[in-house]
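Reviewing the structure listed below.
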Amino acid sequence: MILITDIKSHCYLRIMLLIRSFSFQVILAFCWVYIRKYQSRQESEVVSTITAICALAVALITSALLPVDIFLVSYMKYSNGTYKEWAANNETRGQIEDTVLYGYYTLFLIILFCVFLWIPFVYFYYEEKDDDNVNKCSQVKNSLKYTIGFVVVCSALLLIGAFVPLEAPPNQNATQWEKAQYFFKELGSSRGFVALSFSISSLTLVGMLAVITYTAYGMSVLPLNLIKGTRSIAYERLETTEDIDEVEQQIEKLRSKCEDGRPLSSRDRRKLQELESKLQVLRRRDRHLEIAEKNCCTKVGSVLRPLKILLGIFFILVALLFVVSLFISNLDKALHSTGINSGFIILGTNLTNPVNELLLALQPVFPLDYLLITVITMYFVFTSMAGIRNIGIWFFWIRLYKIRPRRTRPQALLFLCMILLLIVLHTSFMIYSLAPQYVMYGSQKYLVQVSSRTCDAAAPEDQCTMTRSYLFLHKFWFFSTTYYFGNWAFIGVFFIGFVVSCCKGKKSVIEGEVEADDSDMSDDEYLH
């Protein structure tokens with residue numbers, strides 16, 4: 001019986017490895033298509049394109065590592081709570097845990113490299129390129145000069161992580177020399193892990209703000225846009241034609257004032273300029289609507305309208321399920337955790353969490369629980385993309401960039417990928433909040449006399465193995481406390497975005513494609 005179970009386990013492992021390999025290829029293909037879809041054809045550059053594709057791929061691969069982490073800790077045990085023969089040795093389990101840990105190390109170091117060096121350098125390089133009077137050497141020099149600031153911030157975070165969190169010496173009456181010996185011993189033992197964990201947690205804090213802003217809004221606007229659909233193209237064209245006629249009449253009326261040679265007043269000249277700009281935008285809008293009306297994708301979208309409504313209903317139910325689970329998890333922490341000074345750590349789940357219970361219920365049917373956790377991870381990433389696409393990239397009240405198909409500048413794509421990198425870092429904590437017990441221990445069980453129980457925080461340490469992701473996320477209590485309050489803000493922003501999206505009417509079929517600050521050059525690029 002044990003032999004048959006081992007054969008099944010090895011089959012499951014091979015299936016999981018094949019899925020991971022296939023997912024890696026799918027991620028690279030998706031990143032290439034996504035970046036190529038949104039980048040400006042006129043301003044596209046090889047370096048910025050490769051940087052954006054690689055950064056987006058790193059974000060998605062990092063998010064895909066969590067299901068692998070959960071699978072490996074669950075794979076060590078049988079369903080009855082006993083360790084498998086190959087995992088009975090602590091040394092073997094330690095090697096597997098270290099392998100996962102090194103995977104996190106590698107990806108997190110790549111994220112630090114992207115956020116603090118690679119992306120800033122490429123971004124400032126293309127900012128300098130906009131100045132025609134700057135040569136290549138000056139571009140590189142100025143880009144490096146600005147990038148040094150990011151490197152200094154990264155170094156400061158690593159140093160703070162290495163030195164500040166050190167525990168006090170166990171012997172308070174020790175001499176200064178003994179305290180120094182203890183300090184250097186601790187510094188050499190695991191300070192690299194602590195320093196990296198502190199740096200990643202700091203970035204995760206920034207990612208939390210991006211999740212509250214973009215992901216929460218994306219979770220509400222994406223399904224509602226699918227349900228409501230778009231306005232009729234024929235009606236929009238008729239409306240635009242009427243507006244064009246009205247503006248042309250107003251322009252003719254103003255120009256008629258100066259037919260006898262009299263100059264227009266400053267007020268009339270200003271109004272004439274405004275009307276001419278408005279007429280230019282309306283004509284561009286009419287051209288875009290004409291193209292959209294003839295586009296086969298628009299016609300296919302009309303045929304698939306019932307499917308879009310069903311998808312919208314499904315996505316809104318999923319979003320509500322996530323928000324309810326997040327609310328229950330936070331409420332559980334508020335009522336039963338060890339308090340704010342411990343980061344609201346909770347020993348076990350006291351309130352029934354729908355997502356956590358669903359994942360635990362799917363455990364017996366391999367690989368449904370791992371597929372679901374992967375889908376949840378990807379759902380957060382794609383709703384974040386939808387939020388960024390709808391809101392754009394802002395610095396407080398100043399709009400920096402718009403994300404639009406075929407007309408997104410290289411700098412905007414780099415910003416988009418950096419935001420997604422930060423969001424992915426916080427996604428792991430969001431999923432932990434949705435299913436705390438499952439993310440900590442997966443499907444592991446442990447023996448209690450003759451029966452088995454599902455692993456939780458109250459389980460013996462030698463009987464249950466924590467995921468490496470959890471250890472990274474909860475190294476510092478003050479970050480966990482901030483994430484806890486961030487979850488409440490996420491719930492609030494989601495409902496605000498939901499109400500705002502419900503009050504809004506149907507969006508135009510060319511939503512965001514034509515705006516007053518667009519240049520004619522970008523418009524011609526889109527049309528051709």
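Along the sequence shown, residues are numbered consecutively beginning with 1. Predicted model only: the values in this text are computed from it and were never measured.
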State, yes or no, whether a side-chain contact exists between [X] and [Y] at a heavy-atom distance under 4.5 Å.
{"X": "L65", "Y": "I61", "value": "no"}
{"X": "W118", "Y": "C54", "value": "yes"}
{"X": "D69", "Y": "Y104", "value": "yes"}
{"X": "Y432", "Y": "Y483", "value": "no"}
{"X": "L425", "Y": "F108", "value": "yes"}
{"X": "F116", "Y": "L203", "value": "yes"}
{"X": "V151", "Y": "L117", "value": "yes"}
{"X": "T383", "Y": "Y217", "value": "no"}

- For Y484, is the NZ or CZ atom of K333 found under 6.0 angstrom from the centre of its six-membered ring and inside 45 degrees of the ring axis?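 K333 over Y484 ring: no.
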
For residues [X] and [Y], report the shortest heavy-atom separation together with the two atoms involved.
{"X": "V73", "Y": "I70", "result": "CG2-O, 3.2 Å"}
{"X": "A216", "Y": "V493", "result": "CB-CG1, 3.7 Å"}
{"X": "S48", "Y": "V122", "result": "CA-CG1, 4.1 Å"}
{"X": "P120", "Y": "T147", "result": "C-OG1, 3.9 Å"}
{"X": "I423", "Y": "A210", "result": "CG1-CB, 3.6 Å"}
{"X": "L56", "Y": "M385", "result": "CD1-CE, 3.6 Å"}

- Verdict with supporting geometry, F494 and F490, ring pair (Phe, Tyr, Trp, His ring centres under 6.0 Å): CA-CA 6 Å; F494 169 80; F490 178 89; 7.1 Å; no

Is it true that a side-chain atom of [X] and a backbone atom of [Y] form a donor plus acceptor pair closer than 3.5 Å?
{"X": "K308", "Y": "I227", "answer": "no"}
{"X": "K77", "Y": "Q463", "answer": "yes"}
{"X": "S501", "Y": "L224", "answer": "no"}
{"X": "T99", "Y": "Q95", "answer": "yes"}
{"X": "N356", "Y": "L434", "answer": "no"}
{"X": "K402", "Y": "R389", "answer": "no"}

- With distance as the sole criterion, is a donor-acceptor pair present between the side chains of Y214 and N390 under 3.5 Å?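 There is no such pair (donor and acceptor under 3.5 Å, judged by atom type) between the side chains of Y214 and N390.
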
- Query: Is a side-chain donor-acceptor pair under 3.5 Å present for T49 with Q39?
  - Reply: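 The criterion, which ignores hydrogens and geometry beyond distance, is satisfied for T49 and Q39.
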
Crowding at [atom1], [X] (>12 non-hydrogen neighbours, <6.0 Å):
{"X": "F478", "atom1": "CZ", "value": "yes"}
{"X": "F327", "atom1": "CZ", "value": "no"}
{"X": "R36", "atom1": "CZ", "value": "yes"}

- With side chain to side chain contact (heavy atoms under 4.5 Å, CB included) as the test, would you mind laying out the steps for L310 and F314 before giving the verdict? CA-CA 6 Å; L310 290 176; F314 172 74; over 6 Å; no

- Task: Pick out which of T215, L422, I419 makes a side-chain contact (heavy atoms from CB on, under 4.5 Å) with S384.
- Result: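 Going through T215, L422, I419 one by one, the side-chain contact (heavy atoms from CB on, under 4.5 Å) with S384 is satisfied by T215 alone.
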
At what distance, to the nearest 0.5 angstrom, does [atom1] of [X] lie from [atom2] of [Y]?
{"X": "E97", "Y": "T467", "atom1": "CD", "atom2": "OG1", "value": "10.0 Å"}
{"X": "S433", "Y": "H426", "atom1": "OG", "atom2": "NE2", "value": "7.0 Å"}
{"X": "Q444", "Y": "Y438", "atom1": "CD", "atom2": "OH", "value": "10.5 Å"}
{"X": "L107", "Y": "I200", "atom1": "CG", "atom2": "CD1", "value": "10.0 Å"}
{"X": "T427", "Y": "Y379", "atom1": "OG1", "atom2": "OH", "value": "12.5 Å"}
{"X": "T204", "Y": "M430", "atom1": "OG1", "atom2": "CE", "value": "12.5 Å"}

- Between Y83 and Y446, is a ring pair (Phe, Tyr, Trp, His ring centres under 6.0 Å) present by the stated rule, with each step listed? CA-CA 9 Å; Y83 280 108; Y446 69 99; over 10 Å; no

- Task: Quick one: do L421 and V115 satisfy side chain to side chain contact (heavy atoms under 4.5 Å, CB included)? Show the steps, please.
- Result: CA-CA 8 Å; L421 281 171; V115 171; 4.1 Å; yes

- Message: Is there a side chain to side chain contact (heavy atoms under 4.5 Å, CB included) between L358 and L362? Walk through the geometry before answering.
- Response: CA-CA 6 Å; L358 179 60; L362 292 176; 4.3 Å; yes

- Query: Please walk me through it: do L413 and R409 pass side chain to side chain contact (heavy atoms under 4.5 Å, CB included)?
  - Reply: CA-CA 6 Å; L413 285 176; R409 300 188 66 194; over 6 Å; no

- Intermediate values then yes/no, ring pair (Phe, Tyr, Trp, His ring centres under 6.0 Å), F322 and F380: CA-CA 10 Å; F322 286 173; F380 275 113; 5.6 Å; yes

- Is the distance between the ring centroids of F150 and Y123 less than 6.0 Å?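 No, the ring of F150 stays outside the 6.0 Å limit from the ring of Y123, centre to centre.
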
